[in-house]
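Report on the following structure.
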Number of protein chains: 2
Amino acid sequence: MKPRVLVVEDERALVTMLRYNLEKAGFAVAEAFDGEEALLRVAEWKPDVVLLDWMLPLVSGLEICRRLRRSREARALPILFLTARSEEMDRVRGLDTGADDYVTKPFSPSELVARLKALIRRSQSGAGADRLLCADVAIDLAQHRVTRGHRRVHLGPTEFRLLSHLMRHKGRVFSREQLLDAVWGDDCEVEARTVDVHIRRLRKALNEGGASDIVRTVRSAGYAIDEPERAIPG
Amino acid sequence: MKPRVLVVEDERALVTMLRYNLEKAGFAVAEAFDGEEALLRVAEWKPDVVLLDWMLPLVSGLEICRRLRRSREARALPILFLTARSEEMDRVRGLDTGADDYVTKPFSPSELVARLKALIRRSQSGAGADRLLCADVAIDLAQHRVTRGHRRVHLGPTEFRLLSHLMRHKGRVFSREQLLDAVWGDDCEVEARTVDVHIRRLRKALNEGGASDIVRTVRSAGYAIDEPERAIPG
DNA sequence: GGCGCCTGTCACAGAACTGCAATAGAAGGC
DNA sequence: GCCTTCTATTGCAGTTCTGTGACAGGCGCC
């Protein structure tokens, strides 16, 4: 079956060009010209990947992205951003928008196709492992279990999600705001400092029994979970 | 291009079975029957992921894993352990092996494939382009981490931003005022001389342990970071 | 209701970082 | 050599950020 890509873009000429290239590359293509339409199409047409313009009328691409990430069925839907230039690219990269990849205009059609395919391949290769490892800490997502070495670790729901998120992106530093978005949900209204408290509870639970701390604090930046003492992987 | 998996396993029958299943699942497969061969194959064939038996003749799986982690190119190579039963699984988990995941025998081929794909996906999405290199100094922006050679370097937030900025524009000289604008922010009200102090702190942190200085002072102009010892020809 | 568990907030203590100023040192012009 | 100009280094005090313990409210359960 052909992979289905939803193109969300308000510039008609660009849409025509994209449709031509994507169909030539073996995709089934659907179009949406603004954010509202995009959300509708996602719900009814169930694309495998969304190609999303950053600048859209009515609702911005970023907002669409957020809404998709919040919805239950579309949470894992791969999203590729189309951005106008590097300045905006920085924003896509800098903010944790939940985008999976981005391409800056102008772009080559073949590059675009390659990236779309890569995204689809990535997303279809299993909905992620149900197990995460880091040093001697293991999470079994299916069983909702955490162990440190041989010891069972008991975590509250929030600490569990926090740990999962940090371990899913091992090494990466998340700001308190990013963590609130990812772990508490995009629209929660919670003090940023509350993250500290949960980090503390997480540390306390993990380090009980004198184990070393795998949670790294990065001053004025946030928190990360590290594989201990491996230099930057390259 | 097909993802490449290196199977390291001494039991021939198992290798045959694995090859059959993995190729059916779209992997390119290479084999190694002991540790030495494995290391060779990694170096020459550059697999995307290694499937490593825990029990191997001559050199144990654990040892291979360690050596791979120590080498520069294979440091980030995802490794999936094959272990005989839960007792060994505990060791994989308990020791700080550097394994990314493990599967216990007997296993279902589809589970194995799913985990391999998950590992590859994770490692490809994680290997961000958010790195800056200069000589033996590396910055990983996502991880907020700096290394010099194999040593981790701790920097305060300001020094981190300063180094990032200088390395993003390798070789270029910035005046104190330019650095204040770029690193401290457009409208900050800080003495220009303060830049000196942070440059000092940066140098001190980077050169700890007697490394050569990569920060260049340009009298009456400012500072720059250079790729070392490439003399201007002519 | 009483109980245990989880959560968000606050206040305080302590650690880390920052900017400045004073002094010492280096580079260049004459 | 001498003077001027610019940079390096250091100590310190103020500020900012994080760690931690305590506490009250919410929720489900018995």
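Lettering follows sequence order; numbering is per chain, from 1.
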Write down the distance between [atom1] ([X]) and [atom2] ([N]), rounded to a whole number of angstrom.
X	N	atom1	atom2	result
L155(B)	dC17(C)	CG	C1'	12 Å
E191(B)	dA22(C)	CD	P	12 Å
L180(B)	dT18(C)	CG	P	13 Å
L202(A)	dC6(C)	CG	P	14 Å
L179(B)	dT7(D)	CG	P	12 Å

message: Check the phosphate of dC17(C) against T158(B), side-chain N and O only, distance under 4.0 Å to OP1 or OP2. Yes or no?
response: no

message: Check the phosphate of dC17(C) against H154(B), side-chain N and O only, distance under 4.0 Å to OP1 or OP2. Yes or no?
response: yes

message: Assess whether a salt bridge exists between R172(A) and D140(B), defined as any Lys/Arg side-chain N lying under 4.0 Å from an Asp/Glu carboxylate O.
response: no

query: Is it true that E63(B) and R67(B) have a side-chain N and a carboxylate O under 4.0 angstrom from each other?
result: yes

task: First locate atom CG of D53(B), then atom CG of L80(B), and finally report the distance between them rounded to the nearest 0.5 Å.
output: 11.5 Å

message: Could you tell me if the side chain of I199(A) sits less than 4.5 Å from the side chain of L162(A), heavy atoms only?
response: yes

task: Answer whether the closest heavy-atom distance between the side chains of K46(A) and V42(A) falls below 4.5 Å.
output: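 No, every pair of side-chain atoms sits at 4.5 Å or beyond.
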
task: Might you confirm whether atom NE2 of H144(A) has over 12 heavy atoms from other residues, nucleotides or ligands at distances under 6.0 Å?
output: no

query: Residues two or more places apart in sequence or in another chain: which of them pass side-chain hydrogen bond (donor to acceptor under 3.5 Å, both in side chains) with T217(B)?
result: R203(B)

- line: Per-nucleotide protein contact along nucleotides 14-30 of chain D, 5' to 3', at a 4.0 Å heavy-atom cut-off (B base, S sugar-phosphate only, - neither), is --BBBBBS---------

query: For DNA chain C, which residues in residues 182-190 of chain B have a heavy atom at a distance below 4.0 Å?
result: W184(B), V190(B)

query: Counting only N and O atoms by type, is there a donor-acceptor contact under 3.5 Å from the side chain of E44(A) to the main-chain atoms of R41(A)?
result: no

